[in-house]
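Reading through the structure tokens given below for one structure.
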Amino acid sequence: MSSEANARVLSDFLDYLKVEKGLAPLTVSAYTTDICQFAGFLEGRKRALSNARRNDVRDFLQQLFSNAVDGRSVGRKLSALRHLYRHLLVDKKIDYDPTLNIDSPKQWKVLPKALARDEMEKTLAGPRRVSDTKLAIAIGMRDRAMLEVFYAGALRVSEIVQAKLEDLKLETGYMLVRGKGDKERIVPLGRSAQDALTEYLRDSRGTLAAKKSSPYLFLARGAHKLTRQRVWQMVKAASIASGRTASPHMLRHSCASHMVENGADLRTVQTILGHADISTTQVYTHLALDRLKTVYQKHHPRAKAKA
């Protein structure tokens, strides 16, 4: 009975995520995996998702840690359970949320990996061309433009591959980005990104389109849509010059980290990253505090010991 009851609860919740929340398929898949894992844990206790207790959640998390699951993954699974039980509570399917008063693992607040500024500069130079053919030159221009946009707007890989030509407002230096849950945000593009995009659109995109039409901004050869895997490969190849192996998400975090280091407030960074909640952006807090301390020591008359 618990298996059937869990299947109904999960099916209803997934419909809610897809239809009402409009979450991306990969996100829905991650929720499914995490909740199914917890459901399996509960079935071993002859309990269903709808009558789980706080101790069940705590024991589940502890089991994950005991099996050497890293803190970020544990935090993600706890977040999935919070969303599930919040939904069930609002729908009056349960009277009590078993995830209440359970703290997220401290590791969840670890600052994401980012490239140093000199490493970022080397990465933006892009991977070396394999040849001097017209197609290879066009691909090189496209890759450089993508790298610049990644860093300028802190985009996710899914946002890069889904970007439409109509989303780009090059003359005003902005780009419309469709993020998680089909939420739209406007991100600014610096001069370097604008120049790289201008060159790509003028000298490269037509070659890749091969006289075919496509609504997408960045194209694979023959006007095909780029895949996430191809973008990952490109970023990895470009980052070799920096001495690091970077991912698209590292470029996103590099943008946020460098902005905070240069004095940007967290609300501005939140807007550019497209975080729904400021708490997600607060992983960068210690960078802001480091800069605050530096400025304080430099400018406050009592910050330094008297000579």
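Every heavy atom of this structure was used, including side-chain atoms; hydrogens, water molecules and symmetry mates were not.
Within a 6.0 Å sphere centred on CZ of R221, heavy atoms belonging to other residues, nucleotides or ligands number 12 at most. For R54, the CZ atom sits in a packed shell: over 12 heavy atoms of surrounding residues, nucleotides or ligands are nearer than 6.0 Å. Annotation for Y174: atom OH does not count as buried by contact number, only 12 or fewer foreign heavy atoms lying within 6.0 Å. The 12-atom threshold is exceeded at NZ of K225, counting heavy atoms of other residues, nucleotides or ligands nearer than 6.0 Å. Applying the 6.0 Å contact sphere to CG of D95 captures no more than 12 heavy atoms from other residues, nucleotides or ligands.
Remark: the backbone N or O of L49 is paired with a side-chain donor or acceptor of Y85 at under 3.5 angstrom. At least one donor-acceptor pair under 3.5 Å links the side chain of R82 to the backbone N or O of T99. In this structure, the side chain of S254 engages the main chain of M250 through a donor-acceptor pair within 3.5 Å. Judged by distance alone, the side chain of H275 and the main-chain N or O of V269 form no donor-acceptor pair under 3.5 Å. Although no hydrogens or angles enter the test, the distance criterion places no donor-acceptor pair under 3.5 Å between the side chain of E166 and the main chain of P215. In this structure, the side chain of S29 does not engage the main chain of P25 through any donor-acceptor pair within 3.5 Å. Judged purely by atom type and a 3.5 angstrom limit, S239 has no side-chain atom pairing as donor or acceptor with the backbone of T123. Under the 3.5 Å distance criterion, the side-chain polar atoms of R205 are matched with a main-chain donor or acceptor of L217. Checked by atom type and distance alone, the side chain of D265 pairs as donor or acceptor with a backbone atom of R267 at under 3.5 Å. Using modelled atom types, no side-chain atom of S11 and backbone atom of A7 make a donor-acceptor pair closer than 3.5 Å.
Between R244 and the choices K122, M120, E119, the side chain to side chain contact (heavy atoms under 4.5 Å, CB included) rule is met once, by E119.
Hydrophobic clustering of Ile, Leu, Val, Met, Phe, Trp and Tyr side chains at less than 4.5 Å, counting indirect connections, unites L78 with L89.
Checked by atom type, the side-chain pair R117/N262 shows a donor-acceptor distance below 3.5 Å.
Smallest separation of non-hydrogen atoms from A145 and F218: CB-CE2, 3.9 Å.
Classification of the Y31-F13 ring pair by plane angle, with boundaries at 30° and 60°, yields perpendicular.
Salt-bridge formation is not detected for the pair R8/D12: no Lys NZ or Arg NE/NH1/NH2 atom is positioned less than 4.0 Å from an Asp or Glu carboxylate oxygen.
Ring centers of H249 and H253: under 6.0 Å apart, within the cut-off.
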